[in-house]
Amino acid sequence: MTLSRLFTILSASALFAVAGVVPALSAGQDAMPAVPKPPVESAGSLSGAYLAAKTAQAAGDLDTATDYYTQALAIDPTSAMLQQDAMFAYLADGRFKEGVDLAAKLHDDETVAKVARITLGVDALTKGDYEAAIAEFAIPNPSDLDALLLAQMTAWAKAGAGHVDEALSQIDQTKGAPWYGVFNGYQKGLVASLAGRPQVARAAFGDVVKDQTLARTSPDAYLGAADALARLEAREGDKDAALKAVDAGLAVAPNYTPLSFLRERIERGETIEPAVARVQEGAAETLYVLGQAINRGDGRDVALLYFQLARALHPRSPALLTALAGIAEQADQLDLAISYYKAVPENSAFRHTADLQIGLDLWYADKKDEAKRHLERAVRDYPDDVRAHTALADVLSADKDYARAADALNKAIELAKADKTDNWNLYYQRGIAYERQKMWDKAEPDFKKALELSPDQPQVLNYLGYSWVDMDRHLDEGLDMIKRAVDLRPNDGYIIDSLGWAYYRLGRYEDAVDQLERAVLITPMDPTINDHLGDAYWKVDRKREAKFQWQRALVGKPEPDADQRKEIEAKLKNGLSAGADTEKAETKSSETAPRAEAEAKGAASDLTVAPAAGSTGSTAAPGGGEAPKSAD
């Protein structure tokens with residue numbers, strides 16, 4: 001899975017209006033419900049416990065890892081290396097108290113002192129001990145990112161201590177990398193707004209919002225500034241200015257749910273809460289926004305640490321809960337992800353999104369009937385939400401219930417703005433649903449409409465182009481479409497497979513071999529691609545290699561279904577007879593082609609990814625619809 005959740009969302013605890021910097025409140029109980037779980041088995045030895053912890057940690061199962069670290073520490077509570085590893089695991093798993101206890105022991109450990117002191121500083125903030133927090137954040141020789149984080153966390157501690165001028169000056173004096181600006185502007189505005197200095201806040205937020213290029217550095221900070229400015233103006237009684245701020249954010253991210261949600265509330269004249277209601281929430285926002293900036297690739301482990309520290313400060317933050325759910329999905333910890341989504345407050349702008357993502361995660365957790373029931377209920381609860389209908393369509397398509405999937409997409413298209421570029425995928429998915437039902441007279445216009453809205457979509461070019469070739473229609477145009485799809489996605493084994501199989505269908509077997517060998521190199525375990533290459537080898541009289549590829553197809557991942565397995569086993573026994581080849585050619589388009597890569601689940605989901613991040617929803621593989629995508 002991939003995930004880049006780049007949005008800022010109104011926190012539930014911001015419902016309390018304040019006139020200035022409020023005194024510290026307790027961080028409260030963990031937002032996650034207590035879920036009883038069976039204890040892990042006793043490792044029996046220090047080495048066994050430590051190895052089990054490291055193995056679980058590497059697999060992304062932090063819950064099990066921390067249990068084994070606890071066993072190891074009970075055996076040897078003095079090992080510095082064990083304490084270091086356990087501290088990181090506890091913090092990443094959200095076991096903040098245990099992490100703090102170890103951080104206190106590692107305060108002066110050169111290896112992990114920075115993380116230990118930041119953890120202790122966050123703990124001090126949760127308790128309202130602002131002077132202690134300031135002292136802990138005074139870490140020498142920080143990196144660029146650490147310097148920015150520490151300066152902003154110190155500013156929040158100073159604001160909490162009542163030193164607002166020093167807090168604002170702290171942010172102003174934090175100079176460094178060119179990308180500091182958007183983060184400092186956003187945080188300065190939040191500090192000033194909480195301190196009851198609307199003019200300073202308005203200027204800081206305004207400097208961010210007026211420069212849309214800053215959204216490239218941090219969509220979260222930019223959209224957060226637009227959200228906070230709109231709230232400030234609404235609370236100051238300037239409805240027009242508030243809506244203007246919202247629209248500035250929506251100009252960058254038109255489908256950004258929190259701003260759309262806020263706009264509706266402002267238009268209705270509702271009382272609007274401030275962006276942050278207390279110092280702890282502001283400090284949590286610092287950690288969250290900077291965490292999102294690095295929440296990809298090798299930076300994801302650090303982002304997780306930031307998010308969990310932020311959650312110690314603001315346990316009910318919908319943004320944090322959703323970000324943590326995304327990382328859990330990345331680790332294939334779907335039950336954990338669902339529990340995070342369930343903890344998103346009911347009055348949050350992203351409650352709808354969380355409900356839909358729960359349905360998709362239930363599907364991937366192989367709770368398919370429950371997933372369908374959940375999303376059917378979501379459609380009833382949110383009848384006018386395009387995303388609800390598309391999410392249901394996704395799982396129905398994945399379950400090969402194409403008739404009902406088409407019905408759900410009909411409703412989604414009816415609700416959506418028909419000529420909006422982003423809606424190409426609705427027509428594409430409905431086209432697939434019709435094609436799988438052998439309703440080409442309905443499928444073809446949908447594929448053409450998708451290309452009309454977005455001409456350079458490789459999935460659509462591949463699907464329509466291959467379908468034409470397969471049906472012996474528009475051969476030159478169809479083949480050109482597939483080639484164009486390959487040019488657009490040169491490393492997509494599934495699209496290259498379509499090109500190879502199109503050549504096969506045209507009797508151009510040498511060309512088919514060239515393309516299918518490329519496809520197998522890119523996607524070596526796919527059973528269908530190996531099956532196709534075996535067929536092509538047989539046609540060019542490379543029969544030993546053909547049988548080798550068919551053998552590979554039988555042990556491919558995902559495993560071939562029963563019909564495909566039976567067909568491959570017959571070829572291994574009898575070769576590719578003329579009769580079998582004719583039958584195969586007649587049925588192939590309804591079985592395996594055209595094929596598009598089944599994108600990663602959840603994380604690239606537009607249900608949970610801000611449009612500003614430029615992510616795309618996952619696409620169900622046309623050959624079998626294995627992977628439900630998340631819809632716009």
Practice item. Show the numbers, then the answer: is there a side chain to side chain donor-acceptor pair (under 3.5 Å) between Asn423 and Lys449? Key: CA-CA 10 Å; Asn423 289 335; Lys449 181 66 175 179; over 6 Å; no
Review point. Would you say the side chain of Leu290 lies within less than 4.5 Å of the side chain of Ile294, judging by non-hydrogen atoms?
Key: no
Check your understanding: Distance only, no hydrogens: is a donor on one side chain within 3.5 Å (strictly under) of an acceptor on the other, for Glu444 and Trp468?
Key -> yes
**Study point:** Heavy-atom check, side chain of Trp538 versus side chain of Trp550, under 4.5 Å
**Key:** yes
Review point. So, does Arg552 use its side chain to make a donor-acceptor pair with the main chain of Pro524 at under 3.5 Å?
Key: yes
Check your understanding: Any side-chain heavy-atom pair from Tyr503 and Asp514 closer than 4.5 angstrom?
Key -> no
Check your understanding: Who pairs with His352 by ring-ring contact (aromatic ring centres under 6.0 Å, His included), at least two apart in sequence or on another chain?
Key -> Tyr382
Exercise for review: Given ring-ring contact (aromatic ring centres under 6.0 Å, His included), test Tyr68 with Tyr50 step by step and report yes or no.
Suggested key: CA-CA 7 Å; Tyr68 278 117; Tyr50 183 71; over 10 Å; no
Review point. Without hydrogens or angle criteria, can the side chains of Glu517 and Tyr537 be said to hold a donor-acceptor pair below 3.5 Å?
Key: yes
**Study point:** Listed partners of Phe447 passing ring-ring contact (aromatic ring centres under 6.0 Å, His included), at least two apart
**Key:** Trp440, Tyr463
**Study point:** Under 3.5 Å: donor-acceptor pair, side chain of Thr66, backbone of Asp63
**Key:** yes
Review point. Do Glu567 and Gln564 have side-chain heavy atoms sitting under 4.5 Å apart?
Key: no
